[in-house]
Amino acid sequence: MQEKNINFFFNPINKVKGIGPKIQKILNTKKIETNIDLIFNFPFGLIDRTHCPKLNNLEVGKISTIFVKVKKYNFPRIKRLPNTVQCYDDTGEINIVFFNSRENYIKEILPLNSEIVISGKINIYKNKFQITNPDYVTSVSNEEKIAKIMPTYSSIKGVSNKTINKIYENIVSTIPDIDEWHRDELIKKSKWLNFKESLIDLHLPKNVEQLSKNSKAYERISFDEIFSNLLIFTQIKKKNSSIYKKPKNFTDNLKLKILSNLNFNLTENQKEIVFEIEKDLKSEKKMIRLLQGDVGSGKTIISILSAVNVISSGFQVALMCPTEILANQHLNLVKKLFKGTEILADILSNGIKKKEQNEIKNKLKNGEINFLIGTHSLFQDTVLFKNLGLIIIDEQHKFGVRQRIALSEKGGKNCEVLLMSATPIPRTLMLSTYGDMDVSSLNEKPFTKTKIITNVISESKIKDLINLIKEKIKKGDQIYWICPLIEESKKIKLTPVVERYEFLKNYFPDNTGFIHGNLKNEDKNKIMSDFLNKKFSLLISTTVIEVGVDNQNANTIVIENAERFGLAQLHQLRGRVGRGNLDGECILMYSKSISENGKKRMKILKESNDGFYISEQDLKLRGFGDIIGYKQSGEKDFVIADPTYHSHLFELAKTETDYYFNNNLPIDKFNLLLKFFKKDKILNIIDTG
Ligand code: ADP
Ligand code: MG
């Protein structure tokens with residue numbers, strides 16, 4: 001019985017009454033494929049049709065259900081003019097107004113002199129009450145068909161709201177019973193309903209409170225989601241901590257040599273973390289560590305020193321970056337730092353010729369290359385290392401959870417993993433995002449002397465801005481100028497950058513360049529190195545330079561249409577400047593179409609340069625969303641739970657997972673839960689990886 005019941009949730013939606021091939025197709029494009037997908041899409045509000053006033057008691061704007069008799073039709077037969085039907089009760093009159101409805105249809109649903117129930121919003125026109133395009137019209141005998149309280153689902157293009165409601169009515173009435181997976185104590189203590197009852201409560205709310213994120217039903221389902229997330233991470237962490245490896249064996253010599261090639265001293269914070277990682281490397285357990293630190297906090301050097309330690313113990317290192325530009329920058333840096341050592345570093349990218357790629361692959365296989373840098377092309381099956389001992393992933397938030405976990409599995413037991421991320425996340429989310437690994441935090445920025453000033457200007461002031469930039473260039477500054485991508489159409493995707501370039505070239509002849517993701521690699525590299533070598537002063541760019549790019553001489557960044565970017569992204573972009581000994585300036589230029597929220601984002605950036613504070617403000621402003629940046633990688637941690645409401649559930653889930661793991665209790669009773677929230681796919685990666 002249980003098994004059949006379970007199957008129900010994973011059945012394709014076309015078995016639900018009301019879903020034919022056409023609607024199925026539409027829902028599939030919304031990633032609604034199985035019953036559980038459909039069920040997890042909860043209504044966001046409700047329409048109360050319980051208000052049944054007499055006609056002398058109508059209130060404008062209120063959804064009302066009225067009982068009336070049909071008196072007279074008025075079909076004007078002039079295009080643009082609506083058909084109206086005059087109705088009455090013993091206290092007054094009302095007009096029911098139809099745009100785009102045929103006369104016959106109206107006569108059919110509203111026969112003269114019949115008693116009818118009509119539901120819709122009351123409005124007023126020329127001093128007379130009316131209902132325009134009523135939501136429901138039915139005979140009095142069918143009155144109960146006008147559900148008194150109806151949930152409202154987000155509308156889906158191509159499916160009418162009525163149909164959506166009907167589909168949900170059907171599916172919700174067939175949700176089967178399933179066994180509880182949580183402990184009785186937990187359910188009782190939290191005063192939760194069981195899974196099925198909670199789902200029904202959320203789809204058939206009796207009042208608005210029941211739909212709120214704080215309702216018992218919503219809490220229960222959110223808890224299930226958070227719990228399943230923590231369960232997976234705890235399981236992975238447990239599995240990882242049972243991996244024994246050959247400890248890395250190295251001295252300080254090579255590291256000291258590299259440090260002597262640096263033109264700065266490490267901060268105390270950086271030294272601590274380098275030491276922490278050295279301890280990991282020398283231990284018998286495989287390292288899986290996240291290095292978290294705000295943009296510009298100096299993570300790169302820590303990873304390079306760790307790499308050098310691994311190399312001096314006879315292993316190879318791979319460093320993966322989200323963009324080619326960043327990969328090249330890292331290569332240039334390590335080449336400088338490795339001067340006078342025997343370490344051979346190289347880059348593997350899709351941009352280089354097949355023949356060269358094959359040469360590099362050979363050198364990797366025989367161990368000649370010690371340090372390989374690249375984008376995700378590093379992890380193709382044809383890239384074989386002789387003895388990979390460390391994988392470093394820079395800007396890991398660009399890659400997404402699954403990819404990250406798959407990569408950590410890739411290297412085998414002797415391969416340590418160091419992830420770096422510049423998106424600070426609120427404490428609540430730490431465990432549910434990075435619960436599978438150890439975390440080091442870089443809290444102190446190396447440049448306490450310099451600051452970044454943020455100014456906000458309107459697009460209409462662009463001429464003033466150009467003058468300002470002229471001044472800056474005269475003083476030797478270099479400037480990034482960012483234009484947003486326009487994604488609606490691939491064809492015109494790059495025009496903002498190129499157009500802006502054509503425009504600014506008039507003001508800064510021979511001193512302007514542009515870059516975007518679709519250029520050839522060689523061209524991208526040339527532009528970036530020319531910019532770095534001060535061959536020109538003004539670089540117009542898309543967000544390809546968003547992550548990691550480090551040019552200490554560029555101290556101004558202009559971000560055009562800043563209102564179109566998210567807070568996290570703006571903060572990252574701003575982090576490109578003020579990286580040397582001079583203050584940086586970030587100029588956010590907004591267009592007329594800026595929204596209220598857009599203005600708030602500008603204000604937050606103006607008042608703070610603290611990534612942690614910004615991420616918390618972001619959370620407040622738009623709820624859980626893009627702060628971790630997973631959106632960019634197409635993955636989302638939570639579909640239902642919302643950390644802005646449910647921080648207590650995160651703590652509870654932690655206590656609960658601890659209970660199972662600390663007592664070594666079996667957790668297979670949660671398998672179904674994991675499947676509901678699609679976490680089982682993550683487990684597949686680690687089981688087969
Ligand atoms: P992120 O953490 O954003 O990756 P980077 O590692 O690129 O930051 O460092 C930003 C800049 O700070 C680089 O130019 C780097 O050389 C410099 N830097 C790093 N550590 C220090 C330090 N201890 N003192 C001075 N400059 C430093
Ligand atoms: Mg970086």
Side-chain angles (χ1 to χ4, degrees), residues 255-256 258-275 277 289-308 319-339 373-375 392-399 418-425 439-452 478 480 528 531-533 543-555 557 568-584 586 609-612 614-615 629:
K255 183 178 81 178
L256 294 175
I258 305 293
L259 285 173
S260 71
N261 284 349
L262 272 184
N263 54 3
F264 56 77
N265 294 321
L266 296 187
T267 63
E268 284 309 311
N269 205 178
Q270 283 172 317
K271 284 185 201 160
E272 277 161 27
I273 296 176
V274 170
F275 184 66
I277 295 174
R289 184 173 287 281
L290 171 79
L291 168 52
Q292 191 188 226
D294 204 352
V295 49
S297 59
K299 296 184 289 295
T300 317
I301 187 64
I302 296 179
S303 70
I304 293 175
L305 293 172
S306 310
V308 163
L319 164 59
M320 181 168 86
C321 323
T323 65
E324 305 270 353
I325 294 174
L326 190 51
N328 274 296
Q329 178 183 293
H330 284 325
L331 182 70
N332 292 335
L333 177 66
V334 295
K335 276 193 170 158
K336 252 195 274 168
L337 294 178
F338 292 168
K339 237 185 214 134
I373 304 175
T375 55
I392 303 167
I393 304 179
D394 196 10
E395 310 287 351
Q396 73 84 27
H397 55 280
K398 289 276 171 188
F399 292 102
L418 177 64
L419 306 166
M420 298 195 280
S421 173
T423 29
I425 58 167
V439 179
S440 303
S441 293
L442 202 47
N443 304 317
E444 176 189 301
K445 285 200 197 181
F447 321 102
T448 34
K449 302 181 297 293
T450 65
K451 55 181 187 299
I452 305 176
Q478 285 182 293
Y480 298 103
M528 287 313 287
F531 190 55
L532 202 59
N533 295 323
T543 53
V544 282
I545 62 117
E546 174 190 339
V547 286
V549 170
D550 188 45
N551 173 359
Q552 300 205 348
N553 193 54
N555 283 309
I557 184 164
Q569 204 176 9
L570 289 170
H571 181 59
Q572 285 288 323
L573 283 165
R574 177 170 65 176
R576 293 311 115 225
V577 300
R579 297 186 144 237
N581 299 318
L582 295 172
D583 289 346
C586 169
N609 193 24
D610 171 355
F612 196 81
I614 291 172
S615 82

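This structure is a prediction, so every number in the text was calculated from the model and none was measured. No hydrogens, no waters, no symmetry mates; every other heavy atom, side chains included, goes into these values. Heads up: numbering here begins at 1 and tracks the sequence. Order of listing sets the numbers, starting from 1, for every ligand and every atom in it.
- Heavy atoms of Gln552 found under 4.0 angstrom from ligand 1 belong exclusively to the side chain.
- For the pair Gly548 and Glu395, the tightest heavy-atom approach, listed with the atom from each and the gap, is N-OE2, 3.5 Å.
- Each of the following atoms of ligand 1 lies closer than 4.0 Å to a heavy atom of Asp550: 11 (C), 13 (C), 14 (O).
- Remark: distances from the non-hydrogen atoms of Gly293 to ligand 1 are all 4.0 Å or more.
- Proximity of Thr267 to ligand 1, defined as any heavy-atom pair under 4.0 Å, is shared by backbone and side chain alike.
- Using 4.0 Å as the threshold, Ile302 has no heavy atom nearer than that to any atom of ligand 1.
- The closest approach between Ser297 and ligand 1 falls below 4.0 Å for a heavy atom of the residue.
- Neither the backbone nor the side chain of Asp394 comes within 4.0 Å of ligand 1, counting heavy atoms alone.
- Proximity to Val295 (heavy-atom distance under 4.0 Å) selects the following atoms of ligand 1: 3 (O).
- Close approach to Leu266 involves these atoms of ligand 1, each under 4.0 Å from a residue heavy atom: 23 (N).
- Under 4.0 angstrom from ligand 1, there are no non-hydrogen atoms of Leu442.
- Atom CG of Asn533 sits in a crowded spot, with more than 12 heavy atoms from other residues, nucleotides or ligands closer than 6.0 Å.
- Only one option out of Leu570, Asn609, Ile557, Asn555 pairs with Cys586 in a side chain to side chain contact (heavy atoms under 4.5 Å, CB included); it is Ile557.
- Without hydrogens or angle criteria, Asn261 side chain to Lys339 main chain gives a donor-acceptor distance under 3.5 Å.
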